[in-house]
Structures are given as structure tokens and as C-alpha cells.
Amino acid sequence: MSPSSVTTGGIAHIYGKTDADAVFGMEYAQAEDDFNRVETNYINAMGRLAETEGESRIYQDLRMKLFIDPADLKTQYAASPAWLQALMNSFADGLNYYLFKHPEIKPRVTKHFEPWMALSFTEGSIGGDIERVNLAQLEAFYAHPRFVAPAVGSHLSTDPKTTPSRSEAAHLAAVVERPPHLISTMADLPYVHDSDPPEPTGSNGIAIAPSNTTAHHALLLINPHTSFFFRSELQMVSEEGLDAYGAVTWGQFFIYQGFNERAGWMHTSSGVDAVDEYLETVSQKGDNFYYKYGNEEHRLAAKQIVVPYKTEHGLAEKKFTIYRTSHGPIIREENGKWVSIRFMQEPIKALTQSYIRTKAKDYKSFRQTLELKANSSNNTIFADADGDIAYFHGNFIPRRNVSFDFTKPVDGSSPATDWQGLLTVDELPQLLNPKSGWLYNSNNWPWSGAGESSLRKADYPAYVETGTETARGLHAIRVLQNKKDFTLDSLITAAYDSYLPWFDKPLPALFKAWDGIPAPDPLKTKLADQIGLLRTWDHRWAVDSVPTSLAIFWGEDIRRNALDDAKKSGISVEEYISTKISPEQLLQSLSSASDRLTTDFGTWKKPWGDINRFQRITGDIVQPFNDAAPSIPVGFTSSLWGSLASFGARPYPGTKKWYGTVGNSFVAVVEFADKVHAKAITAGGESGNPASPHFNDQAKRYTTGDLREVYFYHSDLKGHIEREYHPGS
């Protein structure tokens, strides 16, 4: 039976006799909706962006080519199991058949898809481990050939002012250089206030046990925070046990975050340290370089990589000689040491794990998928129809010698810094059916994820989790604890709870500062109305709320001024603002925020929904924004302030209003009863074509959290089918 597709509200429901049939149909359907995003993901994954975007992408391509070798992936494809080969074949066939049936589509680079290409892009989250490599540092190292040896025996600075921790360095890399199709922070796009804080990356996952629900069924919230339109929403069904619904990263053939009839899974970005950098002691002998390892010297492997790039005269190319130790490729130089990097490179295992978990029907079978140990960057919140709820930490965690600080580059010449295998699944942080009756993760640490039933930090090595608590985490606890009557709809209400806990400590400090200044001070008079309004504010966002606007403009200003000093003090920025900032600074920041509102909008008394807007006017991957074009008010805010429903918005060149590009991108709530019941919403719409009725048809519902019914069973589709077809017909 050839695969068939049904669309409801632009959402594809694909049916096939075999899993391979379903993969063929889903790739064809994705290409119909937004071939540009499918192709762009693979252009990037294979290190070919410069071929279409020019010289500015050379080092981004070089970074990919350090790790992605087509010849190696072809070999791995040939050695993969037959069932996986069949899926990869269907992946390529579905995309190629779409191009055959649509000759008007002109691919920029990928004229023909090959099955092995699926192995170049197995990371379903918004940015893979490769992005830990800083592009500016990579370019500084490889821009010119090496003719002299680096300094030998010099030492890495341990001054915390000059040496960022691993997590800080990784964050800086992610903020500065994510490619446009993988944008996950607002700092990736140009906007007016360059020093404003970037939108935190991350997602929300919540599982509720039957004991805490009115119907005594497990509930699951699936709420990834990514750049908008980064994933499509669809269902894929076969007669071989596949029946999964959820969010799919463009071009991949597995449901990344979703559910089947019996189980559901939500991934949140992990704080696990699964990437290590090594300081290599290198010397030069003749034309070759050698690195120290124990009492020996080993020759660095050298390889030429060619990066083609687009010019106005056609393709040109730039050649690089790249170097590699036993740890991995050299990616930069630091204080005379060459730095290599090591992280998970298991494309077959990663693709296998990503796919087979979509067919897991219960806790036991889902947990079994973790034995592949090929998920390096995600935690998982799980729920099933048996009533089990569970938390799983990232399952690729190298075992290390804890006498070394692996949050910073370690001595590559010491064999003691080598990985000692991987932690077993039993050694990973995981939690099943906590007494609290709930679980959550919001990209914070897992040590508060189930209230008093939470995992304990002291039970695990430090490298297992490098994150902290966040305002969003505190908010999640607030809406989950001591509640025993959850329903599908009340879980939606919790997911959109409007409280902004970040302001709980800073605002009282502001009020105290205003109370303490003498009456003759000009700020006493200028800020009297603002202080009065903020005193009566309930710390909840709303589209018609003026204090929300004032608080967020003030919060951005004071946070920006305090952030560096807070880091140096080793405390959270909100704690620093509450206890360390001078009264004059607190008040002057409120004055500046009021002035900025007045300058941009004519008054500081501007309702939040007049500022915070959703707009989609083109299908471009990097969106343009225009104050004169239609847009929709949004109440929820950046997750920076603890908003569970996240909307990362900023002004852009030529705009005064703030437009969102990241945050709530797909939201689903699922009840695992005798029949699975779900509601969902996707940012904007399913199609990337502005002429499609499904380009922006979900926008208004998205902005208000008005989730629609999910048609999971074929019988549910009756009366809702817009189009039913076999691909190509």
C-alpha cells in the first residue's frame, strides 16, 4: 500500500502499510509545507551553507566538516541494520519524489537527497553539540596556515575574569553564532538594544500522576521553546506499530516531542556536561606537529578540508589543513595550547534511539531505548497509559576522573583526563512515580523537579548537571505543588499561568529605594505614579496591563546594568539587584525605563499587548518585521521573568513594537485514558507559504493559549478532512 496523507487544519496525518511508507509520506508532506526549511537544515548539517550564502558562512561550514564526513556516513549507512536503511531510503525517496513532482521548486544546493544524509542530522533539538565550537575562535586558528610551533609549556590562565567556564563559553558560542535556521536566542538577530539580555533557551515538560488528576489518568505537557516555525506538527501511522503524533524538526523522520496511544515524551535541554575540551601540548618537528600524551609524543593527524563558497562569479573554494588528536579535532588556541574537543558522535545509535522511542508503549520499553546512550543534550519527561510518570536525564554522560574540573579545558597530555566509558543507565539521574504526584523540567537543574520527592544533587558527580534553578522553575513548582485535581484544561491553565516570579525580590528593593529618598529629590516626583502602579501590580502579565510594560522595561534596564557584577559576586542577578544595587541605581533605572517607553510609544502608560506582538508576514527563515503591517497582541513574556509560556520578543531596526521569534513554538497537553485525548497549538501555522490558508491560521489561538482538539484516531477525522491523497497524486 502506498502511503496516503490526510490534512486537517493544514496538519498532515500520514498512513502507510509499513514504517518506511509512513516515512516516505511524511517527508513528502513536510516538503509540501516548507521545502526551504527542510533543505536548509541539511545544507547546514553537511557544511554547505557557504555554497548558497557566500563567504560569510565558510567557517560555519568548516565547523560542520570537522565532524561530518560524507564518506564516513556512507560507510555507516551501508553497515546499518536493514530496517533503518529502509527508513533512510524512504526519507530520501520522499524528498526526491517531491522534487520530481514539483519541477518549479529549485533547490539551492541539494539537487538530490541520498539516504546517508539522514545520518548528518540526527539531533532533534534546536542546536547540537557541534555548536559548542566557537566560530570566531575557529577562524582565528585556521584562517592562516601554521608555520611555527605554538608555545610549549605555557599555562592556561586561571583568572576567572579572563577564563570563562565551559558553560559560559558554550552559552557565548550559542548566543553569538547560531545559524539563522537554528536560531534559539534573540541575540542571534539584530535589534535595537544590543546589550539587552538574550532570551533563555529551553522548554517546559510536566507530567501529572493519576493520583493528582480528577479522572485518575496520567497527564503530560509538551511545550518546547524554540525559534518559531522550527518544527512541523504531524501524525505518522503504519501497520507495523507506528502511531505517533507531535513535533517534527523539518526534514527528520521521527516525532521529536510527542505521544502515541500509550505513552508520551517531552525533551528539555539538559545541563549535563557531555562535551570536553583538552589542552594539547604541541611541538613541531619538520613539517609535522606532535602532541604530548603521557610520556610519549604522538603525531597529530592532518587532513585537508575544502570549503566551496558562492561568489558573484560562481563557486570558489577555500582549503584548510585541519589537525586532530586522539581526543578530537583542534578547534582553537588558548595561551599557547592547542585545544581539542570531544563529544558524542554516534549517528546510527542517535537516529535509532530517536526513532524507536516513538514506538515505545510503556515505561519499561521507553527506558530500554536509553540503553543506546545516544541522547547527549536532552532530559525527558515521560507519562504513559499505565499511570507511570518519569524523569530521565540525558543518557550520554562520559565517566570521568572527578579530581579534574571538566567544566574547563583539562590537560590533554594526562591519560587520567580521558573518558572512562559512559555512565550506565542505572547511574543516571532518573525518577519514577514520585510521591508528590508530579514532575517537571524547565531547563533548570533536576533537583527540584518533583518537590520534596526530587532527586538529590549529592548523589551524583558534579558533571552530571551544571545548571541552576531558574525563575521558570520556581514558577513551575508554584503551579504544581499541593494541587490534586488536575484536568486536561487545568493543565493548560497551569502552562499559561501569568505570574512573573522574577520580580518578587527586585521590586520590594525598588520600593524601599523610593521610600528612602527625600521629597526634594526630582526622582521622588517623577516616579511617584510609576511606583504607585507597581505597588498595586499582582506580578501577572496581561495584554491590557500597564505595570507589566513598566516592570519589564525596568527589569531589562536594571538587569543589564547588574549582570556582570552579579556574576562576579557568584549570586543570581535578581538577588544582586535586591541586595547590592544602590537605591540611586534602582531609581535611575526606573526613570530610564519610563523615558524609553515615552520615547518609543508617546507615554510610559502603555499596555503590554500594544508593545508585545506576534507577526508573520513572509515565509523567510529570518523574519522581517514592520510596525505598519498587521500583528497580534501577546500577553505572555520572555521566560527570563519566569513566564512558563514563553515569548521572546524585541524591537528590531525600524520598529518600536516588540516582535517574538522564539519561545512557545508547539504546545500539547495529553491525557492517557482508555483512549488518548490531546489538545495542541503551533505558532502561526503549518505552511511556510504566505499564500496558503495555513500560513498563519493558528496565530490568534496561539497568542491566547486556546489549544485545539487533536484528531488522533482515524475516526476523529470524520468531518474535518480538507484533503486526502497519495503523495504525488
Side-chain angles (χ1 to χ4, degrees), residues 5-14 26 29-34 36-38 41 124-126 181 183-184 203-205 220-236 244-252 254-259 264-267 488 491-492 495-496 614-621 623 631-632 634 636 644-649 659-670 678-690 692-712 716-717 720 722:
S5 294
V6 174
T7 58
T8 63
I11 297 162
H13 304 256
I14 299 101
M26 67 96 74
Q30 280 200 312
E32 280 187 310
D33 283 337
D34 205 328
N36 181 33
R37 290 181 185 272
V38 172
N41 277 340
S125 65
I126 195 154
H181 63 291
I183 290 167
S184 64
S203 308
N204 297 326
L220 179 67
L221 169 72
I222 300 170
N223 180 205
H225 294 174
T226 70
S227 53
F228 297 158
F229 329 122
F230 180 71
R231 297 194 177 105
S232 66
E233 178 184 348
L234 56 78
Q235 181 179 20
M236 49 195 308
Y245 188 108
V248 182
T249 305
W250 293 104
Q252 293 184 325
F254 53 86
I255 303 290
Y256 180 67
Q257 290 154 323
F259 60 96
W265 57 97
M266 169 61 206
H267 300 306
L488 204 64
L491 182 55
I492 296 173
Y496 286 87
F614 179 92
Q615 185 178 78
R616 193 183 193 191
I617 53 180
T618 76
D620 296 347
I621 291 176
Q623 303 168 77
S631 61
I632 304 171
V634 180
F636 42 101
L644 290 173
S646 172
F647 191 75
Y659 297 100
T661 61
V662 61
N664 274 23
S665 50
F666 173 69
V667 187
V669 290
V670 190
K679 296 183 178 183
I681 199 71
T682 293
E686 285 301 305
S687 176
N689 180 1
S692 167
H694 303 300
F695 174 71
N696 215 30
D697 59 329
Q698 297 188 55
K700 286 188 177 180
R701 301 187 76 150
Y702 166 82
T703 60
T704 59
D706 181 18
L707 277 61
R708 50 179 169 68
E709 290 287 332
V710 167
Y711 305 127
F712 184 83
D716 295 337
L717 298 174
H720 302 289
E722 295 180 357

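Remember, it's a predicted structure, so these values are computed and weren't measured experimentally.
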### Message
Any heavy-atom pair between the side chains of L221 and V667 that's under 4.5 Å?
### Response
yes
### Message
Among residues at least two apart in sequence or on other chains, which ones pass salt bridge (Lys or Arg N to Asp or Glu O under 4.0 Å) with D706?
### Response
R701
### Query
So, do I255 and W265 sit near enough that their side-chain heavy atoms are less than 4.5 Å apart?
yes
### Under the side chain to side chain donor-acceptor pair (under 3.5 Å) test, residues paired with Y702 that sit two or more places apart
none
## Note on the structure
Those residues at least two apart in sequence (or on a different chain) that pass side chain to side chain donor-acceptor pair (under 3.5 Å) with Y496 are none
### Task
Kindly compute the distance separating CD1 (I11) from CG (L717), expressed to the nearest 0.5 Å.
10.5 Å
### Query
With distance as the sole test, does Q257 use its side chain to make a donor-acceptor pair with the main-chain N or O of H267 at under 3.5 Å?
yes
### Task
Locate the shortest heavy-atom distance separating G619 from P690; write the atom from each residue and the value.
N-CG, 3.7 Å
### Query
Taking the side chain as C-beta and beyond, is there a heavy-atom pair between Q30 and L234 under 4.5 Å?
yes
### Task
Supply the atom-to-atom distance F230 CZ to I621 CD1, rounded to the nearest 0.5 angstrom.
10.5 Å
### Query
In chain order, what residues pass the ring-ring contact (aromatic ring centres under 6.0 Å, His included) check against F666, with sequence neighbours excluded?
none
#### Entry: Closest heavy-atom pair and its distance - G685, R616
O-NH1, 3.5 Å
### Query
Nearest 0.5 Å, what's the CE-CD1 distance between M236 and I14?
7.0 Å
### Query
F712 and V670: side-chain contact (heavy atoms from CB on, under 4.5 Å), yes or no, with the steps?
CA-CA 11 Å; F712 184 83; V670 190; over 6 Å; no
### Sequence-distant partners of D34, salt bridge (Lys or Arg N to Asp or Glu O under 4.0 Å), two or more places apart
R37
## Note on the structure
By side chain to side chain contact (heavy atoms under 4.5 Å, CB included), D33 pairs with (sequence neighbours left out) W250, E686
#### Entry: Listed partners of Q235 passing side chain to side chain donor-acceptor pair (under 3.5 Å), at least two apart
H13, D243
### Task
Quick one: list whatever passes side chain to side chain donor-acceptor pair (under 3.5 Å) with T703, sequence neighbours left out.
none
### Query
Is there side-chain contact between E32 and S687, with heavy atoms separated by less than 4.5 Å?
no
### Message
The test is side-chain contact (heavy atoms from CB on, under 4.5 Å); show your working for T249 and R231 and say whether it passes.
### Response
CA-CA 4 Å; T249 305; R231 297 194 177 105; 2.9 Å; yes
### Query
Short question: side chain of Q623, backbone of T618 - any donor-acceptor pair under 3.5 Å?
no
## Note on the structure
Residues passing the salt bridge (Lys or Arg N to Asp or Glu O under 4.0 Å) test with E233, sequence neighbours excluded, are R708
### Message
For a 4.5 angstrom cut-off between non-hydrogen side-chain atoms, does F229 reach F695?
### Response
no
### Task
Using distance alone, with no hydrogens and no angle criterion, decide if H720 and E709 have a side-chain donor and acceptor under 3.5 Å apart.
no
### Task
Might you point out which heavy atoms bring A683 and N664 nearest each other, and give the distance in Å?
CB-O, 4.1 Å
### Message
Working to the nearest 0.5 angstrom, can you tell me the gap between S692 OG and D697 CG?
### Response
7.0 Å
### Message
If I compare all heavy atoms of T226 with all of S665, which pair ends up nearest, and what's the gap?
### Response
OG1-OG, 3.0 Å
### Summary
Heavy-atom nearest pair, N223 first then M266, reads N-SD, 3.4 Å
### Query
Is the ring centre of F614 less than 6.0 Å from the ring centre of F636?
no
### Message
Checking the side chain of N204 only, and the main-chain atoms of L644 only, is there a donor and an acceptor separated by less than 3.5 Å?
### Response
yes
### Query
Can you check whether K700's main-chain N or O pairs, donor with acceptor, with T704's side chain at less than 3.5 Å?
yes
